[in-house]
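Reading through the structure tokens given below for one structure.
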Amino acid sequence: LECVPLVLGERGRDAVARRPASGKWSAHENLAHLARIQEIYLERIRRILSEERPQLPRYKAEEDPEWPRWAALPTGEVVNRLKALRDQLRRLVTSLTPSQLGRIGVHGVLGDMTIPEWIEFFLLHEAHHLYAAMQRARGG
């Protein structure tokens, strides 16, 4: 997440908060979504570790009662939480044994996934939103 300064560049608060004409999320909202997703993934991995094959539905921010609170945070706070939650997630995943890594969580659309597969999915999702945030911050 050291790329967040690159994503935002030297843009002012208005550029980071501005939604494009399409109505898609602003750079700020994309980053807030990523911070919230870090928290969601911590919860999911803990469930995978403590439950047998938990069913983990597809996450949709619009259906998340916590989403408005995350979206309303100042961008600096979003970035701080994003980094802190990422550190927690990194520490949790790197502490897992091979047996724990092999545990399964069932995604609502993608089906059975081991913890490394959840992390790969997470990273792909994150890359999409970082790219979208960079585009929005630069006026795209």
Side-chain angles (χ1 to χ4, degrees):
L1 293 174
E2 298 307 314
C3 65
V4 171
L6 171 65
V7 167
L8 297 179
E10 296 297 320
R11 308 313 188 265
R13 186 172 49 205
D14 291 341
V16 171
R18 186 178 313 114
R19 280 189 164 185
S22 67
K24 293 185 178 185
W25 283 348
S26 66
H28 170 83
E29 289 167 315
N30 274 279
L31 293 175
H33 175 69
L34 288 179
R36 176 66 175 136
I37 285 292
Q38 306 280 325
E39 191 172 61
I40 295 291
Y41 267 76
L42 276 165
E43 293 168 7
R44 287 182 173 203
I45 290 173
R46 289 179 180 132
R47 282 192 61 198
I48 292 168
L49 293 169
S50 66
E51 299 174 27
E52 193 61 37
R53 297 173 51 84
Q55 301 290 315
L56 303 167
R58 184 174 172 194
Y59 174 79
K60 293 183 181 180
E62 298 79 14
E63 296 172 3
D64 179 0
E66 293 294 316
W67 170 240
R69 185 176 62 83
W70 281 89
L73 292 169
T75 302
E77 178 63 20
V78 164
V79 171
N80 289 339
R81 289 185 187 197
L82 178 59
K83 289 179 178 182
L85 287 162
R86 177 52 156 268
D87 188 54
Q88 287 179 42
L89 183 59
R90 181 194 55 77
R91 282 187 281 119
L92 173 61
V93 171
T94 58
S95 73
L96 299 178
T97 66
S99 175
Q100 290 173 314
L101 288 169
R103 291 188 58 87
I104 301 286
V106 184
H107 187 276
V109 175
L110 301 174
D112 290 3
M113 295 195 318
T114 63
I115 290 176
E117 290 170 324
W118 277 98
I119 297 301
E120 286 180 21
F121 177 62
F122 164 82
L123 292 171
L124 288 169
H125 179 254
E126 180 180 71
H128 163 76
H129 283 283
L130 286 170
Y131 179 68
M134 184 170 68
Q135 284 183 310
R136 303 304 183 275
R138 296 171 187 267

Notebook entry, point to check: Would you say V106 and L56 make side-chain contact, with heavy atoms under 4.5 Å?
Noted result: no
Notebook entry, point to check: Heavy-atom distance under 4.5 Å between the side chains of Q100 and I48, does that happen here?
Noted result: no
Check: Taking NZ, NE, NH1 and NH2 as the nitrogens, is one of them in E29 or R19 under 4.0 Å from a carboxylate oxygen of the other?
Finding: yes
Note to self: Salt bridge check, R47 against E52: does any charged N sit closer than 4.0 Å to a carboxylate O?
What the structure shows: no
Note to self: Assigning hydrophobic clusters by single linkage (Ile, Leu, Val, Met, Phe, Trp, Tyr; side-chain heavy-atom cutoff under 4.5 Å), is I45 placed with I104?
What the structure shows: no
Item checked: In one Ile/Leu/Val/Met/Phe/Trp/Tyr side-chain cluster, 4.5 Å: I37, L123 -> yes
Checklist line | Residue pair V78, L34: steps toward the side chain to side chain contact (heavy atoms under 4.5 Å, CB included) verdict | finding: CA-CA 9 Å; V78 164; L34 288 179; over 6 Å; no
Next item on the list: Would you please test F121 and Y41 for side chain to side chain contact (heavy atoms under 4.5 Å, CB included) and show each step?
Entry: CA-CA 11 Å; F121 177 62; Y41 267 76; 3.0 Å; yes
Non-hydrogen atoms of [X] and [Y] that approach each other most closely:
X: E51; Y: R103; answer: O-NH2, 2.5 Å
X: A27; Y: A133; answer: CB-O, 3.3 Å
X: T94; Y: R91; answer: OG1-O, 3.4 Å
X: H28; Y: P74; answer: CE1-C, 3.8 Å
X: A17; Y: S26; answer: O-CB, 3.2 Å

Note to self: For W25 and W67, I'd like to know if the aromatic rings sit close, meaning centre-to-centre distance below 6.0 Å.
What the structure shows: yes
Next item on the list: Answer yes if the ring centres of H107 and W118 are under 6.0 angstrom apart, and no otherwise.
Entry: yes
Next item on the list: Show the numbers, then the answer: is there a side chain to side chain contact (heavy atoms under 4.5 Å, CB included) between V16 and L31?
Entry: CA-CA 10 Å; V16 171; L31 293 175; 5.5 Å; no
Check: Is a side-chain donor-acceptor pair under 3.5 Å present for Q88 with E39?
Finding: no
Next item on the list: Keeping the roles fixed (side chain from E117, backbone from T114), state whether a donor-acceptor pair exists under 3.5 Å.
Entry: yes
Notebook entry, point to check: Does D64 use its side chain to pair, donor to acceptor, with the backbone of K60 at less than 3.5 Å?
Noted result: no
Next item on the list: Any chance you could lay out the side chain to side chain contact (heavy atoms under 4.5 Å, CB included) test for R46 and L92, step after step, and finish with the verdict?
Entry: CA-CA 9 Å; R46 289 179 180 132; L92 173 61; 4.3 Å; yes
